Structures are given as C-alpha cells and as structure tokens.
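What follows is a short report on a single structure.
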Amino acid sequence: MGQTATNDIQITLPDGASREYAAGVTGFEIAESISKSLAKAALAIRVNGELSDLSLPITGDASVAIVTRKDEDALELIRHDAAHVLAEAVQNLFPGTQVTIGPTIENGFYYDFARNEPFSTEDFEAIEKEMRKIVERGAAFEREVWDRDEAIKYFKDKGEAYKAELIEDLPETEEIKIYRQGEWLDLCRGPHMPSVKQVGTAFKLLKVAGAYWRGDSDKAMLTRIYGTAWRDDKELKAYLHQLEEAEKRDHRKLGQEMDLFHFQQEAQGSVFWHPKGFTIYNQMEGYIRRRLQDAGYKEIKTPQLIDNKLWEKSGHWGKYRENMFVVPDEVPNTEEDGPVVSDKAFEKLMALKPMNCPAHVQVFNQGIKSYRDLPLRLAEFGCCHRNEAHGALHGLMRVRQFTQDDAHIFCREDQITEEAVAFCELLQNVYRDLGFEDVAVALSLRPEMRVGSDELWDKAEEGLREALQQTGLEFREDPGEGAFYGPKIDYQIRDAIGRTWQCGTLQLDFNLPERLDANYIGQDGEKHRPVMLHRAILGSLERFIGVMIENYAGKLPLWLAPTQCVVATITETADGYAEEVYEALKEAGIRVELDTRNEKINYKVREHSVGKVPALFVVGEREAQEGSVAIRRLGSKKQHVEKLERAIEELAAEAKPPF
RNA sequence: GCCGGUUUAGCACAGUGGUAGUGCAGUCGAUUUGUAAUCGAAAGGUCGGGAGUUCGAAUCUCUCAACCGGCACCA
C-alpha cells in the first residue's frame, strides 16, 4: 500500500469503511469524527484486535472498533477498572495495606492484598460504600510511562514491596505503565476506560479468600477479595440469581435431601453410600460394564493392598508416596498399653493402591503374550485411595477413596490410532447417553522432560492427532502439556449450567511397560515392548455421579432414578388395588415404592416431588374400578389417566438404560 | 497443607455471661382426604472434642478436629 504524501494513515472500521486520519490520531478522536454520541459512549478501542486505551495515538494503518458499553468487551474493561477501584477503596479504608495484583476473571475480578489483619466479609459493606464514592467522584484514568528505577524507588518508598518486586521482574524492554485515578495510582498493563465513572454501579463484592503470592505455596499468604461487575444492574441480578441456582444444585445438598450418601469425620473424604445413592452407582457401573464388554474389554479385579516394592518398581513410590496410604504388614500388638506395631514392622510396608496400572501390567505379564493377543484391553472398576490434602476434599468431586472406570490397552505402536479412534467413539457414545452433548477435547504434546525417543513421540502424537481427525472431533493442541511418559487426550464435558468438567482421558505410556518389563513376542519371534494406553471415560464414578446430580439438578433420567415410581393412594379404600399396582410394577422391573399412608394426596404429591421421584401413580376408587392409574410426572403440574397395563409398559420402556 | 469463616435436636436455623428455643421430620392421637405441606399432643440436646477464665460459659480465651469458601495440590 502506498502512503499518501502526508503522514496520513488508513483506519478501517468494523463495517468495512476506510477513512484517512493523521498519524497519531487517538481512538477518542476517531470516535468523535464518527459521531458525538459515539465519542460519549466510547470506553476503549480495539486496534488490530488488541484492546487499547482511547487516549493512545495510533501511528500506522489499522482496523479498529470502538468499544462501548453495548459490547461484550466492556465487561472486561469494567471488571478491570472495578479491581482498581476496589484497591483504592481498600487502601483508603485500611492504610498500610499493600496492593499486589488484581486481574479480571470469568464473571468478575479479584484483588490480592497484603495486610497483617485479614479482611472479613463484614468489611464488605464499608468497602463497597467507599468504592461507590470513588466511582461517583469519577476521576479520569491517566496513563503514564515511568522510568523503571524511579518506579521501583517510588513503590519501595511507599512501602509497596510487592509492586516493586513486580516491576523488578518485568522484562527490561517492557514500559513501566502507571494508571492514575485522581490521587491514587497503580502499576498496570491497561487498558482502562476514560474514567472510573464508567465502572457504573452494577458490582458487588462476593468473598474473601487466602491466596499465595504468585501462586506459590512457599511464598506469603495474601488476602484476596473477589467481586463481580456487570454492565447494568439487570445483568448483575441475573448473575447473582445464577449463583443461587447453582447452589441449589450442589450435589452435597441434594445428596442429603435425596438421602443418597453422607460423609463423616471418621472417614473423611470417603463416601457412605445409602441405598438410594448406591442404586445410582450400580446403574452407572452396570451401564459402563455393558459398554466396555461390547467394546472388547475384559474386566479384571486387582488387589487393594500391594507391597511397596511394586510401587518402587513402577516409580509411584518415588514420585507420589506422600499421597499414598501406607500400611505396616504386621499383626498388631494386642497389649493395650503397648505400641500397636513394632519398629520391625516398617521393614515391610504395603500401600493401598493409588492407581490400577501397575496391577494391570502384572495381569498382562502372566504367561507369554503374542502379537496376536494384542490389543489386550483390561478393564477394572478399580477402587483407589489417594491421601488428598485436607483442603482439597470436596463432596463427591474430590475424595480419598474412589472408583475409576479404568482400563489399560496393551497394543503395538501401529495399533495406537485405531485404538484411539475406537476409544473416542466409545467415549462420545457414553457422554451422549448420559446427557452431555458438548465435549471439548485437548491433545497434550511432548513436554521438555520426557522418556522415550523422539521417533516414538512423533509416531504417538501423530497417531492420536489422526485418531481425533478421523472421529471428526474438534480439538485443541497444547504443546508441552503432555505427561513425561507420553502424550494424552483430555476430554471436558459442559454441564447444563455451562460449567466444564474434565472426566475422560486417554494417555499413552511408554514408561510403565519398560519399568515393569511388559513384553510380547512379535511376528519376528523377538520380544517387543507393548504400548500402554491408560483410559477412563467417567474418571471417578463418585465424581461423575456428583456431576450428574448437579447437571440434572437431582432430576435424574428414569433409568438412574433411585425410586422410579411411587404408587400413592387417595384413601385406604384403594389400598388393595394399590398393592396390585405396586406388585405389577415390581414385576416389570421398576424400582417402585408404595405410599398408603393416611395423608392427603396433596401431601404425598409434594413430598414425592420434593424427593425427585420421576413418576407418581395415584390411585383412588375411580382408578381401582377402571383398572387404571392417574400418572403425574415430575416437573409437570398435570396428570393423565391410563390403563394400568399400558402405563407400566410405557414406564418400563422409558426406564430401560440407554445401553 | 495455607488463609478466612462455620460447628446448637435427624434436617434448616434462632439464641453474646444467669434454668437451651422455633419450624420441619420422627412418635402417638384425631382426621379418610382427588394432585406441592390436615389438626393436636408428648418426646427429642454432654450446644464439635478437650482445657482454661468466671460464683456461673452455647456465649469469653486457648487448643484439637471436621466442614464451608478460596489458594496450593490433583500420577
């Protein structure tokens, strides 16, 4: 493109129109040249895709878009500015508090502060009030570039050690940018809106939490204040409502309300499954078992307690033993006051298995395997124990004892792709059956530190990539994110309220077959190393059930519902008929309960609805005479009457598991 | 593991130094009811564990634990 004689530049607008401006024109000037109202509404500008300050000069040809409150981009700006306002408010109210960093996050922002006295949510009212004052005052954001050493000195003198450290660690080439809002200023990359006024009023502080400086558990613990900010009060209200809704589907709450399971402190992090919860568990396990059988897997069961020598050999002892439960292998002392075990006991230790793979290799290693035996797919509902940090435990989502829908595929290098394809298809079918349509896939490639030759990695990565392409799955590639022992594919499902969960995984392992000396006899009569694929679809049965409960807000599909149907009577004159209905449903394989209590039908309907029973068969004198039932389904306020036989047929058909 | 919060009847919660309360559930009694809570009665507690301060502690202090919100961790 030829430049015009003067220093003019070409600015392309989102509608494709192109205009000429003098070089150094600012975003604000561009907005103003388009319309006064746009200039007034403008918050920032996108220059060649990059969000930038309105006040910055544009020096070359660019395509730009003025950002106003109507744009999604505004959220990012509002939240970032709100974080600055929060920091100023906190420093106004609590002198001596140091500021550190305050980025935007999904749905909001946070700011980390260093202060001897931690904040409490009781301080929120005062902080928010101060924030509103600052916004109301509406100081303009002013961008300045400072000399590095001066900036460091300034923050050090001010007692802001963290900010000084941040500047010291910035690359030499980086400008030291300072944003001023009235009296207050902060080191910041930007961009910001023209003034704090534009933060608006639709923000709210949500919670305080501890957070390590620079995310490093060896460094100081800071106090983090989380907030949310939106373009208007309506958006804020909607978000707060969404938070409340998410709280209502919390699987821990529903688990108690629906009498599915409990935890108690004598077995922290391990589930006590109640009859209803275990019904769900068994249905899930049965479903996966049928799927695996159909896909050519052989199910096995391996020991819970294994000598640490095997874990030493597999490498787990060296790497993960701090998370393993270790048991001395000795008959305990029966003397009441004596030590439970002698010191000698520690000569032999057993460990509860934290994973199944070494045990599966032991099964593979029995007898001589021929290339004709491959691929060998060994599956186990493997119960594993991991000594998770106390603070990590979270309902069913993070437990110390869990059951994986685990399997290991032993195959030849040339079988990687077809096995990966088959797995991707199996996984997609399972997720679809369980109600998850939206799956995000990531292919993690070789890290710096790794075992195995580059040729092997080339082959493996290409094998997985090709498999994903063949299955037609969209995927993202993450270079450097693979495990040291091989590349992997991670699958993330999205639930009904938009949260994502990483459940499925397919990991290639070049390490373990080597360490545990797995081999097979090839066509050439020589010994070869098999490739090992670790794979799981649900991941942990416990966790996946938690995800299912939250995804369905407790209203599980019929085949998983612990109680599928309740037969409820209107008065005791129908008791005899209700009993017949109940028996017939049981006969048809429906998990059914009979409710002949002396209660009003309103009471029964409410109770079973709250209990999330999917189908309610109400019988009174009328139904007894007609041989029918009045059906009321969960979530509906209406009911319809049907002949008993037909009603059972329909319910039984619907109650059939998807596979 | 770290920071903060919480812990009172089966569940949800009130009670800030002076005899432990409410609602629901459960039990008993009455009611026989047509699609989201019928009425009444009696009963139910080592106030998370331990130690301390005090004439006196659910309440104040210390300590341990569990849980909750984050952080760190997640083979």
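Every chain is numbered from 1 and lettered A, B, ... according to where its sequence line falls, protein lines coming before strand lines. All of these numbers come straight from a predicted model, not from anything done at the bench.
Put simply, the side chain of A:Arg224 and the base of B:C71 share no donor and acceptor less than 3.5 Å apart. Between the side chain of A:Arg386 and the base of B:C73, no donor-acceptor pair of N or O atoms lies under 3.5 Å.
The backbone N or O of A:Val99 lies less than 3.5 Å from a partner atom in the side chain of A:Glu160, making a donor-acceptor pair. Judged by distance alone, the side chain of A:Asn365 and the main-chain N or O of A:Leu516 form a donor-acceptor pair under 3.5 Å. Put simply, the side chain of A:Gln98 gets close to the backbone of A:Ala161: a donor and an acceptor are under 3.5 Å apart.
Separation of the A:Phe544 and A:Phe436 ring centroids falls under the 6.0 Å cut-off. Taking the six-membered ring for Trp, A:Phe410 and A:Phe364 have ring centres closer than 6.0 Å.
Within the 4.0 angstrom heavy-atom criterion, only backbone atoms of the sugar-phosphate kind lie near A:Tyr485; the bases stay farther away. Here A:Asn323 lies in heavy-atom contact (under 4.0 Å) with a base. As judged by a 4.0 angstrom heavy-atom cut-off over every strand, A:Arg252 is placed among residues touching the sugar-phosphate backbone only. The residue A:Tyr226 sits close only to the backbone: its heavy atoms come under 4.0 Å of sugar-phosphate atoms, none of a base. A:Gln268 comes within 4.0 angstrom of sugar-phosphate atoms only, judged by non-hydrogen atoms across all strands, and of no base. Base engagement by A:Ala630 is indicated by at least one non-hydrogen atom pair under 4.0 Å involving a base atom. Residue-level contact check: A:Thr571 touches the bases, meaning some heavy atom is under 4.0 Å from a base atom. Nucleic acid contact for A:Gln404: none, since no nucleic acid atom lies under 4.0 Å from a heavy atom of the residue. Residue A:Arg632 is classed as a base contact, given a heavy-atom separation below 4.0 Å to a base. Among the heavy atoms of the strands, none lies under 4.0 Å from A:Gly315.
Contact check of residues 606-613 of chain A against RNA chain B (heavy atom, cut-off under 4.0 Å) returns A:Arg606, A:Ser609, A:Val610.
The nearest whole Å value for the distance from the CG atom in A:Asp259 to the C1' atom in B:A25 is 12 Å.
Taking the C1' atoms as reference points, B:U38 lies 35 Å from B:U19, given to the whole Å. With both ends at atom C1', the span from B:A20 to B:C47 equals 8 Å, rounded to whole Å. B:A57 and B:U61 have their C1' atoms separated by 11 Å, with the value rounded to a whole Å. Between B:U27 and B:C2, the two C1' atoms lie 47 Å apart (nearest whole Å). The C1' atoms of B:G48 and B:A58 are separated by 12 Å, rounded to the nearest whole Å.
Between B:U35 and A:Gln639, no contact under 4.0 Å exists linking OP1 or OP2 to a side-chain N or O. Of the side-chain N and O atoms in A:Asn602, one or more sit less than 4.0 angstrom from OP1 or OP2 of B:A36. Within the 4.0 Å cut-off from OP1 or OP2 of B:A25, at least one side-chain nitrogen or oxygen of A:Tyr603 is found. Taking side-chain N and O atoms only, A:His394 has a distance below 4.0 Å to OP1 or OP2 of B:G69. Between B:G70 and A:Lys207, a contact under 4.0 Å exists linking OP1 or OP2 to a side-chain N or O.
Both cation-pi conditions hold for A:Arg115 and A:Phe119: the charged atom is under 6.0 angstrom from the six-membered ring centre and inside a 45 degree cone around its axis.
As the counterpart of B:A75, no nucleotide is assigned, since no Watson-Crick or G-U wobble pattern has both distances under 3.5 Å.
A 4.5 Å side-chain heavy-atom check between A:Val592 and A:Val566 finds every atom pair outside the cut-off. The side-chain heavy atoms of A:Met350 and A:Ile306, taken from C-beta on, include no pair separated by under 4.5 Å. A:His360 has its side chain within reach of A:Glu380: a pair of non-hydrogen atoms, C-beta onward, lies under 4.5 Å apart.
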Practice task
Indicate for each nucleotide in nucleotides 2-13 of chain B, in 5' to 3' sequence, whether protein heavy atoms under 4.0 Å reach the base (B), only the sugar-phosphate (S), or nothing (-).
Solution key: BBS------SS-
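Inspection of the A:Glu388 and A:Asn323 side chains reveals no N or O donor paired with an N or O acceptor under 3.5 Å.
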